[in-house]
Amino acid sequence: MKRSFESAVRQQWKENVVYQIYPRSFCDSNGDGVGDLNGIRSRLGYLKELGIHILWLSPIYKSPNYDNGYDISDYQAIMGEFGTMEDFDALLEEAHRLDIKIIMDLVVNHTSDEHRWFVESRSSRDNDKRDYYIWREAVDGHEPNNWGSCFSGSAWEWDENTGMYYLHCFSKKQPDLNWENPKVRDEVFDMMTWWCEKGIDGFRMDAISMISKKEGLPDGPTEGLYSPCTYGACNGPHVHEYLQEMNRRVLSKYDLMTVGETGGVTVEEAKKYANAEGTELNMAFQFEHVELDDGPDGKWYLNPISIPALKKNLTKWQKELDGVAWNPLFFCNHDQPRVVSRLGDNSPHSAKCIATVLHFMQGTPYVYQGEELGMTNCPFGSIEDYRDIESINAYRELTETGLRERSELLGCIAYKSRDNARTPMQWDDSPNAGFTTGRPWIMVNPNYTTINAAAELADPDSVFHYYRTLIALRQDSKWSDVIVYGHYDLLAPEHETVFAYTRQKNGITLLVVCNLSARAQTFSVPKNIRWNSAEPVTGNVPRAELTRELALAPWQAAVWALT
Ligand code: TEU
Ligand code: CA
């Protein structure tokens with residue numbers, strides 16, 4: 001029977017903030033230049049200080065690391081470089097002791113080609129694991145369709161041994177699983193159950209909107225050299241059916257938080273993925289707001305994000321999901337450049353302003369490691385400085401085909417590369433930012449001498465303490481209720497740089513005003529907003545007073561509670 005839900009259905013995962021760790025770059029405990037599980041455990045106190053109760057770990061499973069762990073060769077073993085299963089158990093136990101939950105990355109759209117399922121599947125046409133993956137005959141001596149991989153090239157790889165192609169929406173080292181095969185679903189659900197029995201607290205589901213491909217795998221419209229496989233793979237005909245089955249067979253049996261990485265998701269689709277009745281997932285990541293600066297054929301452009309467009313987009317998600325689903329709120333993750341270098345000007349002041357915009361919206365905020373320090377994009381030089389398969393493959397394909405000029409493209413990669421998010425966490429001003437005593441696997445951002453956790457912990461005005469305050473306001477203040485559950489309304493949609501909105505619940509109105517610009521601006525509080533008294537909640541300028549005509553400093557953010 002259908003029930004109707006209010007946004008105010010209380011859930012712990014709505015009231016907390018999620019902190020994402022990219023284990024390879026967080027903290028190295030043994031000097032091999034690669035972050036690891038014991039490194040994470042040694043920093044739990046830091047996360048506690050920030051106020052974190054939920055950690056999402058990017059993949060830590062056994063992997064040949066062509067895509068930094070998003071290519072898994074054994075779901076029930078730990079990557080050797082990260083430690084052992086005992087190290088994981090110790091991390092989980094210590095986290096739980098500190099009241100911190102651990103959410104695992106679940107990468108089941110594809111496996112590594114070194115996973116035993118694929119090794120068997122490719123061994124012969126009649127192997128009993130053949131249908132675990134998506135194999136097709138050549139069509140007129142060519143690939144079965146025009147789909148391109150997210151990491152350049154065709155989405156099909158020819159297998160000499162059996163004379164057929166297999167589908168890989170990501171690199172050819174990441175063959176797509178065939179979810180239409182019930183045995184694949186059994187295997188995945190058994191593996192998930194094994195982790196749940198271990199006591200983990202939830203899943204972030206990688207590329208989960210791509211597990212059901214369009215019937216017949218038809219050609220799609222081309223952009224550049226191929227048709228992005230996302231046209232044929234995202235939100236396919238059976239995706240909700242598979243997630244409901246997963247929910248029935250696994251998720252509903254445990255107390256978990258779940259969030260899907262649902263590329264290509266529309267508001268209508270998100271209402272299903274993250275429906276408030278809880279038959280699929282708790283939240284669904286949408287990416288429209290971080291694609292507003294894309295060019296005609298993808299991300300490698302220097303376009304700025306237009307603030308009115310950003311407001312319009314996020315407002316659509318705020319309004320449409322209120323009461324029927326739940327938004328995850330993010331600007332940063334391991335696939336995005338640093339937001340302070342994208343929407344801001346690299347200054348701590350701009351980092352605080354951007355954080356304010358996000359943390360006062362309705363939804364669960366996600367903080368990506370280093371974001372709470374205002375960590376910036378990295379001044380990479382040549383293509384040799386990069387480690388990310390997406391950046392390296394794109395550079396090769398677009399320059400070799402003559403579609404882009406080398407130095408121009410390199411500038412765009414410097415701006416947008418996922419590696420900007422993957423440089424080591426900046427702990428202090430000692431060599432290699434205190435991340436490792438060895439040689440880091442990727443360069444350290446040279447600005448660690450000024451931007452680092454030790455310096456920010458000691459400075460009450462730092463970005464770190466600003467985030468700590470935002471998190472405390474949400475979790476433990478007289479405004480928690482309206483911050484988490486209040487209704488959202490945008491103000492002044494046309495204003496070129498000021499992002500202003502209200503949140504309302506039980507007669508309390510929060511007024512949030514953020515000047516996303518390096519210039520001073522004026523802002524008129526709309527006439528329909530009235531107040532007898534305005535109490536400052538937070539902001540990045542001391543003693544900001546609310547007046548009808550506001551004179552805002554560059555990057556000023558201010559929040560008032562109106563009564
Ligand atoms: O990302 C899926 C995805 O859609 C991304 O490839 C996205 O298009 C790209 O990163 C934008 O630059 C997930 C993971 O988050 C990513 O790190 C993995 O590489 C990918 O899946 C494959 O597992
Ligand atoms: Ca290590």
Side-chain angles (χ1 to χ4, degrees), residues 22 25 66-68 70 148-155 169-171 221-231 261 263-264 286-307 309-310 313 330-347 350-351 354 368 370-371 374-424 442-447 516-518:
Y22 197 67
S25 304
Y66 284 83
D67 188 19
N68 291 350
Y70 283 92
S149 142
C150 293
F151 296 155
S152 302
S154 166
C169 286
F170 297 92
S171 79
T222 48
E223 277 176 21
L225 296 167
Y226 298 95
S227 175
C229 63
T230 45
Y231 283 123
E261 189 207 25
Q286 65 88 13
F287 294 90
E288 292 175 348
H289 67 304
V290 289
E291 290 169 353
L292 291 169
D293 51 3
D294 276 7
D297 56 358
K299 67 191 271 188
W300 307 116
Y301 292 89
L302 298 175
N303 306 330
I305 291 181
S306 134
I307 302 303
L310 180 69
N313 184 264
F330 79 100
F331 284 132
C332 296
N333 63 35
H334 65 294
D335 294 333
Q336 297 294 325
R338 292 287 181 178
V339 72
V340 68
S341 305
R342 194 177 189 183
L343 281 174
D345 67 354
N346 287 339
S347 66
S350 66
I354 295 162
Y368 176 73
E371 178 186 342
M375 274 180 64
T376 68
N377 276 0
C378 183
F380 294 113
S382 73
I383 194 70
E384 278 74 45
D385 286 343
Y386 294 88
R387 299 288 173 270
D388 172 26
I389 189 170
E390 180 193 41
S391 303
I392 295 168
N393 287 359
Y395 181 78
R396 195 178 304 140
E397 176 171 282
L398 296 173
T399 58
E400 280 173 6
T401 52
L403 282 173
R404 300 284 288 267
E405 193 275 316
R406 281 165 188 275
S407 63
E408 180 267 343
L409 179 59
L410 205 54
C412 297
I413 291 178
Y415 183 53
K416 285 286 193 67
S417 176
R418 309 195 296 180
D419 277 342
N420 283 301
R422 300 175 179 186
T423 61
I442 189 173
M443 73 182 272
V444 176
N445 192 320
N447 66 15
L516 286 170
S517 133

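Numbering starts at 1 and runs along the sequence shown.
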Next item on the list: Starting from the C-alpha separation in whole Å, work towards a yes-or-no answer on side chain to side chain contact (heavy atoms under 4.5 Å, CB included) for Leu310 and His289.
Entry: CA-CA 6 Å; Leu310 180 69; His289 67 304; 3.9 Å; yes
Check: Just wondering, are more than 12 heavy atoms of other shown residues or ligands nearer than 6.0 Å to OH in Tyr415?
Finding: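 Counting neighbours around OH of Tyr415, more than 12 heavy atoms of other residues, nucleotides or ligands fall under 6.0 Å, so yes.
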Looking only at heavy atoms, which two atoms of [X] and [Y] are closest? And how far apart?
{"X": "Ala394", "Y": "Leu409", "answer": "O-CD2, 4.1 Å"}
{"X": "Ala518", "Y": "Asp345", "answer": "CB-OD2, 4.3 Å"}
{"X": "Cys150", "Y": "Thr230", "answer": "SG-CG2, 4.4 Å"}
{"X": "Leu302", "Y": "Gly411", "answer": "CD2-O, 3.8 Å"}
{"X": "Pro337", "Y": "Asn420", "answer": "CA-CB, 4.1 Å"}
{"X": "Ile354", "Y": "Gly344", "answer": "CD1-N, 3.6 Å"}

Is the backbone N or O of [Y] less than 3.5 Å from a side-chain atom of [X], with the two atoms forming a donor-acceptor pair by type?
{"X": "Asn346", "Y": "Thr376", "answer": "no"}
{"X": "Arg387", "Y": "Asn68", "answer": "no"}
{"X": "Asn377", "Y": "Arg338", "answer": "yes"}

Notebook entry, point to check: Are the charged groups of Asp335 and Arg422 less than 4.0 angstrom apart, N to O?
Noted result: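 Yes, this pair counts.
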Report yes if some heavy atom in the side chain of [X] is under 4.5 Å from a heavy atom in the side chain of [Y]; otherwise report no.
{"X": "Pro379", "Y": "Asn445", "answer": "yes"}
{"X": "Lys416", "Y": "Glu390", "answer": "no"}
{"X": "Phe287", "Y": "Asn333", "answer": "yes"}
{"X": "Thr423", "Y": "Met375", "answer": "yes"}
{"X": "Tyr301", "Y": "Asp294", "answer": "no"}
{"X": "Ser149", "Y": "Ser171", "answer": "no"}

Note to self: Using the ring-ring contact (aromatic ring centres under 6.0 Å, His included) criterion, which residues pair with Phe170? Sequence neighbours excluded.
What the structure shows: His110, Phe151
Which distance, rounded to the nearest 0.5 Å, do you find between the [atom1] of [X] and the [atom2] of [Y]?
{"X": "Ser391", "Y": "Lys299", "atom1": "OG", "atom2": "NZ", "value": "6.5 Å"}
{"X": "Leu410", "Y": "Ser382", "atom1": "CG", "atom2": "OG", "value": "7.5 Å"}
{"X": "Asp297", "Y": "Leu398", "atom1": "CG", "atom2": "CG", "value": "7.0 Å"}
{"X": "Ile392", "Y": "Ser417", "atom1": "CD1", "atom2": "OG", "value": "8.5 Å"}
{"X": "Phe331", "Y": "Arg342", "atom1": "CZ", "atom2": "CZ", "value": "9.5 Å"}
{"X": "Ile305", "Y": "Leu343", "atom1": "CD1", "atom2": "CG", "value": "4.5 Å"}

Margin query: Going by the rule salt bridge (Lys or Arg N to Asp or Glu O under 4.0 Å), which residues pair with Glu397 if we only count those two or more places apart in sequence or in a different chain?
Written below: none
Notebook entry, point to check: Run the side chain to side chain contact (heavy atoms under 4.5 Å, CB included) check on Asn313 and Gln286 step by step: do they pass?
Noted result: CA-CA 11 Å; Asn313 184 264; Gln286 65 88 13; 3.9 Å; yes
Next item on the list: May I have the step-by-step check of side chain to side chain contact (heavy atoms under 4.5 Å, CB included) for Met443 and Cys378, ending in yes or no?
Entry: CA-CA 9 Å; Met443 73 182 272; Cys378 183; 3.6 Å; yes
Check: Which is it for Leu403 and Leu225 under the side chain to side chain contact (heavy atoms under 4.5 Å, CB included) test, yes or no, and what are the steps along the way?
Finding: CA-CA 9 Å; Leu403 282 173; Leu225 296 167; 3.9 Å; yes
Check: Got a sec, which pairs hit ring-ring contact (aromatic ring centres under 6.0 Å, His included) with one end in residues 384-407, sequence neighbours left out?
Finding: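 Those involving residues 384-407 are Phe380-Tyr386.
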Check: In terms of ring plane angle, is the pair Tyr368 and His334 parallel, tilted or perpendicular, where the classes change at 30° and 60°?
Finding: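 Rings of Tyr368 and His334: tilted, 30 to 60°.
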